[in-house]
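One structure is given here, and the rest of the page talks about it.
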2 protein chains.
Amino acid sequence: MFKQCIVIICALVVSAVSPVMAYVSFSPDSQSFVVADKASGKVASIWVDSNASPGILLAAKNLQSDIYKVTGLTPVIVHDAQALSGQVIIIGERGAAAPVDRLFADGTLSIEENANQWEGYQLAHVQHPFDGVEQAWVISGFDRRGVIYGIYDLSEKMGVSPWYWWADVPVVQRDGVYITAGSQVSDAPKVKYRGIFLNDEAPALTNWTHEKFGGYNATFYRHVFELLLRSKANFLWPAMWNNAFADDDPQNMYLAHEMGIVMSTSHHEPMMRADKEWNRYGSGPWEYSTNPDKLYEFWVEGAKRYKDKDAIFTMGMRGQADTPMSEGENIGLLERIVADQREILAKHIDKPIDEIPQVWALYKEVQGFYERGMRVPDDVTLLWADDNFGNVRRLPTSDELGRQGGAGVYYHFDYVGGPRSYRWINTVPLGKVWEQMNLAWDYGADRIWITNVGDLKPMELPISFFLAQAWDPSAFDETSPASFTREWVRKQFNGQYTDEITRLLNTYTLHNGRRKPAAIAPDTYSVLNYNEASRISAELADAAALAEKIHADIDSAYRDSFFQLVGYPLWASQTMFELNHAQALNRLYAEQDRSTTNEMAAKVNGWFARDEQLRDAYHELRGGKWNHMMSQPHIGFVHWRNPPANLPPVVHTKALATPAVADMGVSVEGSRLYWPANEGQGKPLTLPTFTSFGESSRTVTVYNRQGKTFNWKAKTSHDWILVDKQGGALTAEEQVSVSIDWQKLPAGEHTGSVFVSGTGWGGASIDVVAVKPDLLQSPQPGDFIEGDGYIAANATSATILNGEAGEWRRVSLHGRTGAAMRTAVEPHALLDTGNAPALQFPLYFTSSGEFSLSLQLSPSLPFDAATGIQLAIALDDKLLGTVSLPEQSDKKAWEQGVLNNVKTLTSTLPVAKPGRYTLTVYGLTPGAVLQKVVVDTGDLKPSYLGPLERRYKL
Amino acid sequence: MFKQCIVIICALVVSAVSPVMAYVSFSPDSQSFVVADKASGKVASIWVDSNASPGILLAAKNLQSDIYKVTGLTPVIVHDAQALSGQVIIIGERGAAAPVDRLFADGTLSIEENANQWEGYQLAHVQHPFDGVEQAWVISGFDRRGVIYGIYDLSEKMGVSPWYWWADVPVVQRDGVYITAGSQVSDAPKVKYRGIFLNDEAPALTNWTHEKFGGYNATFYRHVFELLLRSKANFLWPAMWNNAFADDDPQNMYLAHEMGIVMSTSHHEPMMRADKEWNRYGSGPWEYSTNPDKLYEFWVEGAKRYKDKDAIFTMGMRGQADTPMSEGENIGLLERIVADQREILAKHIDKPIDEIPQVWALYKEVQGFYERGMRVPDDVTLLWADDNFGNVRRLPTSDELGRQGGAGVYYHFDYVGGPRSYRWINTVPLGKVWEQMNLAWDYGADRIWITNVGDLKPMELPISFFLAQAWDPSAFDETSPASFTREWVRKQFNGQYTDEITRLLNTYTLHNGRRKPAAIAPDTYSVLNYNEASRISAELADAAALAEKIHADIDSAYRDSFFQLVGYPLWASQTMFELNHAQALNRLYAEQDRSTTNEMAAKVNGWFARDEQLRDAYHELRGGKWNHMMSQPHIGFVHWRNPPANLPPVVHTKALATPAVADMGVSVEGSRLYWPANEGQGKPLTLPTFTSFGESSRTVTVYNRQGKTFNWKAKTSHDWILVDKQGGALTAEEQVSVSIDWQKLPAGEHTGSVFVSGTGWGGASIDVVAVKPDLLQSPQPGDFIEGDGYIAANATSATILNGEAGEWRRVSLHGRTGAAMRTAVEPHALLDTGNAPALQFPLYFTSSGEFSLSLQLSPSLPFDAATGIQLAIALDDKLLGTVSLPEQSDKKAWEQGVLNNVKTLTSTLPVAKPGRYTLTVYGLTPGAVLQKVVVDTGDLKPSYLGPLERRYKL
């Protein structure tokens with residue numbers, strides 16, 4: 001399977017995001033099929049059988065309206081096959097639409113392999129198909145959803161986004177819509193059930209739904225179903241927090257069935273009955289050991305009401321409200337439950353049991369039952385789950401590939417639980433989604449792909465991506481996350497600012513992929529080292545400013561859509577970062593007793609208010625269309641659960657003395673100490689050691705602890721120490737940049753000081769240490785060179801040496817550096833260094849010793865117990881051993897991994913003498929995603945991301 | 001010397017604070033000498049020779065005015081010895097006052113040994129001394145200061161406090177003043193020079209002096225001199241921060257000389273020239289190696305101007321502005337300096353060089369010169385110094401006792417320098433002053449006692465005590481600090497509220513002796529353990545309330561004096577404590593995200609304002625008489641140096657969400673953790689372990705993190721866990737007291753929990769552990785019993801077993817417990833456990849192990865290098881070894897010692913099995929002061945003072 005897969009990937013790289021040929025054009029051509037032409041007023045008619053499935057009829061009506069939206073012309077829908085004339089869009093399910101069948105029967109059209117399967121469709125331009133008909137655009141399908149997807153394919157190509165309603169994406173007005181002569185297109189999905197799960201849906205989606213529709217009823221679900229169908233999805237787990245799909249509005253299940261949506265109930269709600277229905281109608285405990293009769297009876301109703309509708313029956317049970325079963329690991333009981341549930345299905349549904357779609361969700365502890373030997377009949381689909389944070393826990397083994405029911409994956413874009421819920425804006429980098437779901441595809445989990453989308457709306461981009469990848473995983477490769485995003489932007493914004501908006505989406509998803517907003521704390525990003533927090537702040541500020549500009553400048557029809565899809569998530573992400581950043585500085589400045597403490601306190605309050613303003617602006621869009629939708633509390637987390645509302649943080653303030661006095665403080669980069677308090681603590685103020693290849697300057701901050709202006713002076717102890725300011729008058733603060741005149745220094749370690757005097761007795765003596773190495777061997781351009789006590793390299797900067805049995809490939813939009821390297825290795829393989837792909841890093845050490853090497857990997861789980869996820873490390877020719885990602889059972893490693901979005905594997909590099917070395921990282925198994933390599937040569941400082949890559953340049 | 005000393009102490013215990021007989025009465029008696037009698041209008045006349053020393057004449061005039069103040073009658077001052085009649089107060093220096101000499105010559109009076117020496121005086125009631133004179137009260141002196149002290153002795157006995165002007169102590173109006181017939185009194189000082197040092201005198205004293213007197217001139221100094229003389233002192237180091245006594249006002253030195261004050265310049269200002277004079281008149285560097293001629297010339301002027309005045313010449317030199325000499329340890333140079341200085345004295349003063357008083361101050365690094373062998377001529381007094389924090393560094397060795405120049409001590413009540421300046425209110429417990437100065441006396445340092453009093457005024461009580469002890473150290477013993485204080489209170493307040501005011505003084509000096517206000521930080525006293533901070537808070541609040549009541553109720557004439565001497569220092573000490581206490585709680589509550597964080601922030605600001613109000617009230621007393629006097633900044637210390645002004649602290653605040661929400665938090669005694677954050681940190685909430693003999697209850701705080709009322713519930717896991725509240729509605733917070741029903745438990749360790757639920761998912765599970773020991777042996781009443789993982793005992797609670805060669809004695813008003821045990825051992829002795837005094841502590845252990853024993857000792861310095869300060873420790877019969885106070889060179893131990901006011905010596909107690917043991921602490925040397933004993937049996941928590949003593953009661 002894998003080799004075949006590789007071939008497909010190679011073939012389809014360029015068309016990854018548009019697997020179907022672009023057949024629509026907006027400029028006429030004498031041969032074109034005219035869908036509509038404004039100049040001539042010509043518009044094709046739409047033929048559909050009046051007995052067609054209601055979903056097809058509705059899609060045809062939507063096509064009619066879509067054509068009107070694009071052109072202002074309304075096609076006529078005709079049902080009489082005899083009355084066809086002119087340009088006709090002929091729509092029909094093969095075997096149930098006479099004109100269509102005739103064209104296939106008479107050889108005008110021949111069925112393409114691709115279209116001749118589950119949900120397959122074939123679109124074809126036919127000249128003179130019938131008498132009186134000049135041309136036809138034939139939308140045929142293997143089944144009703146195939147037809148519907150064929151219809152919506154045309155809609156989307158005409159410029160009607162699946163998000164036209166859900167994200168107010170404007171429909172571009174055209175002078176005409178044409179289909180290129182001779183076009184023929186066919187397609188069918190590779191994953192059978194593709195869908196989303198509306199979950200964790202209060203307060204945002206719930207309050208919105210209640211305000212706009214009066215509840216989770218069919219009026220509401222019609223919009224959800226249409227979005228799914230336009231996105232070529234077919235599957236839904238409905239909202240269930242305090243809702244019961246089939247019970248809240250009986251129309252819901254009929255509408256779903258008619259429109260073509262396959263319903264199910266979520267992973268812990270068996271037999272098509274919502275958890276909440278038990279509260280309403282059940283009696284006794286939700287405990288099969290003690291209350292089997294009532295539960296049996298409860299489930300019978302589920303089977304009955306869905307017996308003639310598209311549905312997948314969830315089997316087994318968990319505790320109520322998605323908690324573990326109280327019985328613990330009672331496999332025997334659970335097997336009895338499944339057997340009884342199948343008995344119900346067999347009895348009440350008029351199909352062989354192995355043709356009734358059933359799924360067993362191996363979520364959380366349920367996976368443990370399976371691992372300990374519990375089995376369900378072969379026709380039941382095994383739904384493996386991720387760890388709730390987008391890392392798949394388990395995929396089919398080779399032995400499991402042949403199961404009739406196959407396997408699927410339950411994935412998350414939103415989650416309520418530990419170590420930290422994420423329920424608000426989109427935090428999912430597409431590179432990670434692709435990489436993990438691609439593993440699922442590689443390992444044969446292709447029956448169901450479902451993802452938890454929370455309140456739905458904030459997840460527009462990843463929903464589009466997930467469903468597109470699910471349609472044809474083989475068409476997606478490492479480059480797809482980036483190319484899909486760009487294409488998606490191009491489509492939603494009609495080509496306006498495509499590069500810029502793409503960059504904005506990538507910026508905020510990169511940022512949220514580094515750490516989810518709900519998990520950012522004031523101490524997450526270092527305000528002391530590597531300018532980390534200020535660098536992130538600048539990145540986000542640049543993007544936020546660009547977004548402001550585009551928001552102001554873009555065609556006003558697109559402004560609301562831009563706000564929802566780009567502006568809000570970006571600005572809100574920035575706000576969450578800056579709120580924490582301001583808190584960190586407020587705390588640091590308070591500790592350092594800076595007068596600017598109060599400004600930082602004001603910033604904390606300002607960013608809190610900004611968050612509220614952004615939310616309010618969202619809610620006021622389009623006359624309140626999206627009111628409540630961004631009401632998910634996200635400020636004030638202290639443990640896994642979100643706070644009851646957005647809670648203003650604690651701020652630190654200091655009143656200044658009156659009458660004003662002057663009171664100098666001096667702090668240095670990298671330290672929380674300040675003069676004069678450091679004297680009382682008996683601790684020196686020391687700048688981080690200067691090294692030849694490290695940062696060229698360090699900052700000393702001279703500040704006022706009070707309000708009155710004073711004069712200060714900085715003096716250096718040696719002429720090789722340079723300061724960019726010698727002194728002056730100061731009211732708030734001054735940054736003094738200290739650097740080294742390396743020309744004046746011989747090799748070796750040199751010490752000196754900067755003395756800052758101002759108010760008070762004496763002054764701050766700041767130690768300066770500069771180390772100039774003796775370079776016995778010259779570094780080469782591009783070497784990852786030691787400086788400031790570390791070496792750092794991005795994985796994507798390594799030289800790739802692909803092995804016989806696998807490759808290292810660059811995954812776009814993945815990892816905290818924006819792109820990462822993954823091992824493209826045949827499923828289930830465990831390679832050795834002889835045939836494994838290798839990443840090579842040229843390292844240059846200016847010192848020697850036993851140094852700690854850190855490999856930052858994506859926090860993937862060793863989903864294949866047989867191989868784990870393994871790397872081997874070598875320094876020059878010396879193999880140093882293998883490292884593995886931690887076992888799933890290591891809860892602490894897992895929590896840190898999903899919060900930090902890396903897991904760090906460490907090893908020791910024995911560097912006997914300074915000079916050049918080659919570090920090699922071999923990928924021994926599938927599933928490894930390497931982001932960054934850091935070597936601590938003695939002075940690595942704490943930070944969240946680690947220092948930036950540094951390469952030697954001549 | 002020591003044995004003699006012991007005898008004297010024993011003899012004089014009851015009269016320690018009034019060494020001179022009380023000869024004044026306010027009720028007439030037919031035999032009495034009538035000083036003044038209002039009913040009859042009779043008033044004695046005062047005879048004094050018109051050629052008497054101006055100081056005597058001035059004192060006689062002051063006596064005249066004092067008699068008027070007391071009685072409203074003004075005695076006539078007569079100079080004609082022939083015109084005497086009636087009742088006469090005859091005043092004169094022996095050998096310079098004819099009537100006096102006649103009485104001694106004719107045998108009417110015989111000179112008492114005591115009075116026939118330096119500054120000795122003799123007071124005697126004589127019937128018909130001369131014709132026409134009915135009675136006389138003869139005030140005679142060995143020298144002029146003897147006479148003056150004799151005069152002021154009468155004034156004080158009449159009820160004129162030395163502090164009548166400096167602290168507005170009212171003079172009580174009397175109907176008459178009489179001297180008991182036959183009274184005869186004589187006295188003379190035991191320490192030759194007794195004085196104070198006005199230092200660190202800006203801003204408070206300086207701004208006050210400038211406002212009231214226009215500077216440090218004779219008008220100002222007249223008040224200082226009078227205070228000294230009325231306090232029977234004779235010596236002054238004048239203000240020198242930006243002042244030069246002899247130069248600022250030429251009258252200063254003449255006035256001093258005339259009034260009888262022996263002047264000197266401070267320890268680092270040689271040759272009677274102020275440091276600041278060098279700035280004004282010197283040229284070139286203050287460096288004898290490079291600028292000897294100018295310095296020599298500069299010093300000649302000092303010798304010249306003081307050649308005929310009482311003065312002690314400071315010899316040697318330090319760097320300018322009291323810094324170490326830049327030459328480092330150049331002994332040769334310093335010896336040359338002293339030789340040259342003596343050459344100047346010999347040349348310009350018409351006395352043998354060995355009769356010119358000279359002093360070499362062995363301050364800071366200068367002591368090092370001495371230790372390394374530098375010597376000065378035998379007639380130069382060696383002035384040893386304390387460590388600036390009241391601990392003497394060095395006292396004469398046996399070999400040094402015979403030196404002609406003798407030795408003295410320079411002591412501190414005020415200091416500018418590390419580890420933390422103390423420049424504001426009185427922080428000196430008298431017990432410590434007594435104990436250290438008594439060592440000086442025991443070791444023969446009796447030539448000069450001088451103490452740095454900062455701005456003078458806040459030090460009224462310790463100045464009185466220091467000068468009284470200096471007058472006659474042999475009359476003071478361990479009980480004197482307490483008895484002196486009470487007597488001093490009685491005198492200043494005329495017997496009103498003597499017990500109460502004494503308690504108030506002892507409360508604030510105990511508190512400030514635990515830690516000086518300037519050194520208190522928010523984390524000093526534990527807000528988590530042993531209710532430490534809240535216990536101190538209650539102590540101070542009680543005292544503050546009593547002081548408020550007395551301030552309101554006391555005779556209004558005393559109100560201002562009460563404010564200055566008692567109210568202000570007490571309330572200000574409380575304010576400094578509470579300011580830090582509120583900061584600690586504000587920080588803790590902010591960390592725990594309590595809604596009451598804001599109330600604590602308001603308290604911080606409130607206490608800051610209270611400090612300002614107190615200061616302003618002080619400054620407004622008596623129409624602004626003491627304006628500026630309390631302007632020393634004392635809030636905002638971060639290192640040794642005081643801040644430029646009182647600086648409002650950083651406060652932590654949190655805005656509450658609007659609209660209001662409810663959000664429960666739960667914290668437990670002893671921990672900074674809170675639920676639910678502890679869940680995110682993976683840390684359990686655990687109450688401190690309950691033990692049978694430990695605290696009977698523990699506190700759980702259930703609080704709101706936001707503003708909306710919610711309902712909460714507490715449930716216990718077992719019936720042996722008791723809570724005093726089961727739940728309720730809560731808006732701010734509730735304290736739940738958890739205790740154990742020990743009856744329900746067998747011996748052993750038991751675990752359970754309290755579960756608190758309110759808002760949010762789940763609730764706080766609080767671990768409860770109770771340990772009930774199996775008592776194989778019964779504890780006895782009075783045993784120091786193990787509980788809560790420790791044993792604690794005050795040294796004063798031990799049983800004393802005095803040895804042959806020394807005693808343990810209880811020193812009043814010493815140490816952090818209010819009284820401490822000192823070793824009264826012969827100077828220079830090093831005892832062994834066979835003859836050493838012992839303190840015995842009956843300990844009862846409920847567990848066994850190797851336990852850490854901590855002995856809290858006063859931070860005395862091992863001033864006698866030959867012996868150090870040593871203790872031996874035994875458990876039952878097993879000698880565990882000796883422990884010693886750290887070497888002076890251990891800077892860190894020293895800094896901690898002077899900040900904490902204890903040094904903790906540790907040892908290990910091997911406790912093989914539970915039960916009763918006797919801990920014995922032997923005092924092997926003089927100078928040990930034991931305050932407290934703590935044994936950590938496994939659960940001792942961090943706190944400042946350690947847990948309170950716990951004894952077993954049946």
Side-chain angles (χ1 to χ4, degrees), chain A residues 416 418-420 521 586-587 589-594 597-598 601 604-605 608 633 635-641 643-665 674-682 705-706 708 710 759-762 891-892 895, chain B residues 416 418-420 519 521 586-587 589-591 593-594 597-598 601 604-605 608 633 635-665 674-682 705-706 708 759-762 891-892 895:
Chain A
V416 175
R420 187 62 56 101
N586 179 228
R587 186 179 300 175
Y589 291 2
E591 281 178 35
Q592 294 183 336
D593 199 30
R594 302 194 193 192
T597 299
N598 299 327
V604 172
N605 295 332
F608 185 85
I635 300 174
F637 275 89
V638 297
H639 68 147
W640 65 266
R641 190 167 177 275
N646 289 325
L647 303 179
V650 167
V651 294
H652 317 288
T653 53
K654 52 176 275 156
L656 301 185
T658 48
V661 292
D663 199 9
M664 182 174 80
Y674 75 101
W675 182 90
N678 72 305
E679 289 183 0
Q681 299 159 319
R705 298 161 56 204
Q706 290 290 320
K708 190 170 166 183
F710 65 89
T759 70
W761 194 91
K891 191 179 174 208
K892 189 161 177 170
E895 287 186 342
Chain B
V416 175
R420 186 63 55 102
N586 178 228
R587 185 179 301 173
Y589 291 2
E591 281 178 33
D593 199 31
R594 302 194 192 190
T597 299
N598 300 328
V604 172
N605 295 331
F608 185 85
I635 300 174
F637 275 88
V638 297
H639 68 148
W640 65 266
R641 191 167 176 273
N642 62 268
N646 289 325
L647 304 179
V650 167
V651 295
H652 317 289
T653 53
K654 52 176 273 156
L656 302 185
T658 48
V661 292
D663 199 10
M664 182 174 78
Y674 77 100
W675 182 88
N678 72 304
E679 289 183 0
Q681 298 158 320
R705 297 161 57 204
Q706 290 291 320
K708 190 170 166 183
T759 71
W761 194 91
K891 193 180 172 206
K892 189 161 178 172
E895 286 187 342

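Heavy atoms only: backbone and side chains are in, while hydrogens, waters and symmetry mates are out. Chain identifiers are assigned alphabetically (A, B, ...) following the order of the sequence lines, protein sequences preceding nucleic acid strands; residue numbering begins at 1 within each chain. Everything numeric here is computed off the predicted structure, so don't read it as measured data.
Of the atoms belonging to A/W640, it is side-chain heavy atoms, and not backbone ones, that fall under 4.5 Å from chain B. For B/N605, no part sits under 4.5 Å from any heavy atom of chain A, backbone or side chain. The part of B/A662 that comes within reach of chain A is its backbone (N, CA, C, O), which places non-hydrogen atoms under 4.5 angstrom from that chain. Using a 4.5 Å cut-off between heavy atoms, B/F637 does not touch chain A at all. Contacts of A/V661 with chain B are made by side-chain atoms alone, with heavy-atom separations under 4.5 Å and no backbone atom involved. At a 4.5 Å heavy-atom cutoff, A/N598 makes no contact with chain B through either its backbone or its side chain. For a residue to count as touching a neighbouring chain, one of its non-hydrogen atoms must lie under 4.5 Å from one of that chain's; by this rule B/R705 touches chain A with the side chain only. At a 4.5 Å heavy-atom cutoff, A/T597 makes no contact with chain B through either its backbone or its side chain.
A/P676 has its side chain within reach of B/V638: a pair of non-hydrogen atoms, C-beta onward, lies under 4.5 Å apart. Contact check for A/Y589 versus A/H652: no side-chain heavy atoms found under the 4.5 Å cut-off.
With rounding to the nearest 0.5 angstrom, the CD atom of B/Q706 is 9.5 Å from the OG1 atom of B/T658. Residue A/Y674 holds its OH atom at 8.5 Å from NE2 of B/H639, rounded to the nearest 0.5 Å.
Counting heavy-atom pairs closer than 4.5 Å to chain B, the top residue among A/E591, A/E895, A/R587, A/K654 is A/K654. Put simply, of A/A657, A/G682, A/P644, the one with the most heavy-atom pairs under 4.5 Å next to chain B is A/P644. Taking A/P419, A/G760, A/G762 one by one and counting their heavy-atom pairs under 4.5 Å with chain B, the maximum is reached by A/G760.
Scanning for side chain to side chain contact (heavy atoms under 4.5 Å, CB included) contacts around A/P649 gives A/L579, A/Q583, A/V604, A/F608, with sequence neighbours left out. Residues that satisfy the side chain to side chain contact (heavy atoms under 4.5 Å, CB included) test with B/A521, not counting sequence neighbours, are B/D523, B/T524.
Taking each heavy atom of A/I635 and A/N646 in turn, the nearest pair found is N-OD1, 2.9 Å.
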